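Here's the structure we're looking at; comments come further down.
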Number of protein chains: 2
Amino acid sequence: MTVRENLLAESDVCPPGSTLVVPEGDFGREAGLLKVIADPTRLAILRIVAANGSVCACDLESPLGLSQPTISHHLRQLFDAGVITREKRGTWAFYAIDRDGLQAAGSPITALIQ
Amino acid sequence: MTVRENLLAESDVCPPGSTLVVPEGDFGREAGLLKVIADPTRLAILRIVAANGSVCACDLESPLGLSQPTISHHLRQLFDAGVITREKRGTWAFYAIDRDGLQAAGSPITALIQ
DNA sequence: TCCGACTATTGACAAGCATCAATATTGACA
DNA sequence: TGTCAATATTGATGCTTGTCAATAGTCGGA
């Protein structure tokens, strides 16, 4: 009896009995949150905001080299994902890191490392 | 003198002196690694592999409900990103979590939380 | 009340990507 | 060496998304 035949002895498929533990979870939601962070521009925004505490949207246009609508779009993505906070003062909008939201968004990764 | 004029006193732009700290980094590379993880199917694969220690590619087709080429494509993405390892035994391919790679891929997020 | 500046939204377009069918490659076994 | 099974690659397609131009909304100040 070959190694393969032995492995297949108690099943009709490939190697193990294919009795996999299949964890459940809302992978779509988790991936959606991670996808918001997994973008070069949004990573740069997060890094800048984290380094400065609180940042006005108007000050991002220059270092990022992108148009105002594009930056506004990314800020909205980050805000909707709950990883940054927004505070409006007059016509200005100040953004800051939401540490709890960031930790929650990154939890699918950290949980894999234990 | 209004609040705004006071804020603008020493600059010709919006609120602060716009003297932002702008951290440097390879955001493209970091985002690329995160993007590999930020996918529902690949998150499911990682979760299954983590829960079973070592998993044969052939056993993933059933729980994921995807075609064999598609699963092979995702496994390649994860392997190239360094978040899983591959060991070939005969015609089978077994995959396992690469904890160091996963931690490295997630570091852009964990670094923001400190 | 009007004007100017900052921000947000809409519409459109190009690039990236997840998916599958078809095919190629590789390894075990007779 | 020939055949079969598991895996990987290629080509094609539809969907998602990052980007900008144009526009709308909003607030402060004269």
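Any value given below was found using the heavy atoms of this structure, including those in side chains, with hydrogens, waters and symmetry copies removed. Chain letters run A, B, ... following the sequence lines, proteins first and then strands; every chain starts at 1. Since we're looking at a predicted model, the values are computed, not measured.
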Next item on the list: Would you indicate, yes or no, if dC20(D) has its OP1 or OP2 atom less than 4.0 angstrom from a side-chain nitrogen or oxygen of Thr70(A)?
Entry: yes

Next item on the list: Output yes when at least one side-chain N/O atom of Ser67(B) is less than 4.0 Å from OP1 or OP2 of dC20(C), else no.
Entry: yes

Check: In whole angstroms, how far is the P atom of dG27(C) from the CZ atom of Phe94(B)?
Finding: 16 Å

Check: Taking C-beta and beyond as the side chain, do Ile45(B) and Ile84(B) meet within less than 4.5 Å on heavy atoms?
Finding: no

Check: Heavy atoms under 4.0 Å, any strand shown: does Arg89(A) hit a base, just sugar-phosphate, or nothing?
Finding: nothing

Next item on the list: In whole angstrom, give the distance that lies between atom CD1 of Ile37(A) and atom P of dG18(D).
Entry: 13 Å

Next item on the list: Could you tell me which non-hydrogen atom of Gly106(B) sits nearest to which non-hydrogen atom of Ile109(A), and how far apart they are?
Entry: CA-CG2, 4.1 Å

Next item on the list: List the steps and the verdict of side chain to side chain contact (heavy atoms under 4.5 Å, CB included) for Thr70(A) and Thr41(A).
Entry: CA-CA 10 Å; Thr70(A) 297; Thr41(A) 299; 5.7 Å; no

Check: Which residues satisfy the salt bridge (charged side-chain N to carboxylate O under 4.0 Å, His left out) test with Asp80(A), sequence neighbours excluded?
Finding: Arg76(A)

Margin query: With a cut-off of less than 4.0 Å, is there a side-chain N or O of Arg76(B) near OP1 or OP2 of dA8(D)?
Written below: no

Next item on the list: Please examine the side chains of Ile37(B) and Arg42(B), heavy atoms only from C-beta on, and report whether any two atoms are closer than 4.5 Å.
Entry: no

Note to self: Using whole Å, what does the distance between atom P of nucleotide dT25(C) and atom NZ of Lys88(B) come to?
What the structure shows: 14 Å

Note to self: Classify Glu61(A) by what it touches in the nucleic acid, base, sugar-phosphate, or nothing, heavy-atom distance under 4.0 Å.
What the structure shows: nothing

Next item on the list: Grab the CD1-P distance between Ile71(A) and dA21(D) for me, whole Å please.
Entry: 13 Å

Check: Do Gln68(B) and dA8(D) have a side chain to base donor-acceptor pair shorter than 3.5 Å?
Finding: yes

Notebook entry, point to check: In whole Å, what is the span from the NE2 atom of His73(A) to the P atom of dT19(D)?
Noted result: 8 Å

Next item on the list: Name the nucleic acid region contacted by Tyr95(B), choosing base, sugar-phosphate or nothing; use a 4.0 angstrom heavy-atom cut-off, strictly under.
Entry: sugar-phosphate

Item checked: Nearest-nucleotide comparison on DNA chain D, the residue closer to the 5′ end among Asp39(A) and Gly90(A) -> Asp39(A)

Next item on the list: Write down the distance between CD (Gln77(A)) and C1' (dT16(D)), rounded to a whole number of angstrom.
Entry: 11 Å

Margin query: Can you measure Leu60(B) atom CG to dT7(D) atom C1' for me and round it to whole angstrom units?
Written below: 12 Å

Check: Taking both distances under 3.5 Å as the test for a Watson-Crick or G-U pair, what stems of at least three pairs does DNA chain C have?
Finding: C:1-30 with D:1-30

Check: Is Thr41(A) near enough to dT19(D) that one of its side-chain N or O atoms lies under 4.0 angstrom from OP1 or OP2?
Finding: yes

Check: Considering residues, nucleotides and ligands other than Glu87(A), do more than 12 of their heavy atoms fall under 6.0 Å from its CD?
Finding: yes

Note to self: By nearest atom, which of the nucleotides dA8(C), dA8(D), dT19(D) is closest to the Arg86(B) side chain?
What the structure shows: dA8(D)

Item checked: Minimum-distance nucleotide (side-chain atoms of Trp92(B) versus dA6(D), dA8(C), dG18(D)) -> dA6(D)

Check: Would you say Thr91(B) reaches dT26(C)'s phosphate, i.e. side-chain N/O to OP1/OP2 under 4.0 Å?
Finding: no

Next item on the list: Starting at CD1 of Ile113(A), measure out to CG of Leu102(B) and round the result to the nearest 0.5 Å.
Entry: 5.5 Å

Check: From dT7(C), dG18(D), dC20(C), pick the nucleotide closest to the side chain of Pro69(B)?
Finding: dC20(C)

Check: Between the side chain of Ser72(A) and the main-chain N/O of Pro69(A), is any donor-acceptor distance below 3.5 Å?
Finding: no

Next item on the list: Please state how far atom NE2 in His74(B) lies from atom C1' in dC20(C), giving the value in whole angstrom units.
Entry: 11 Å

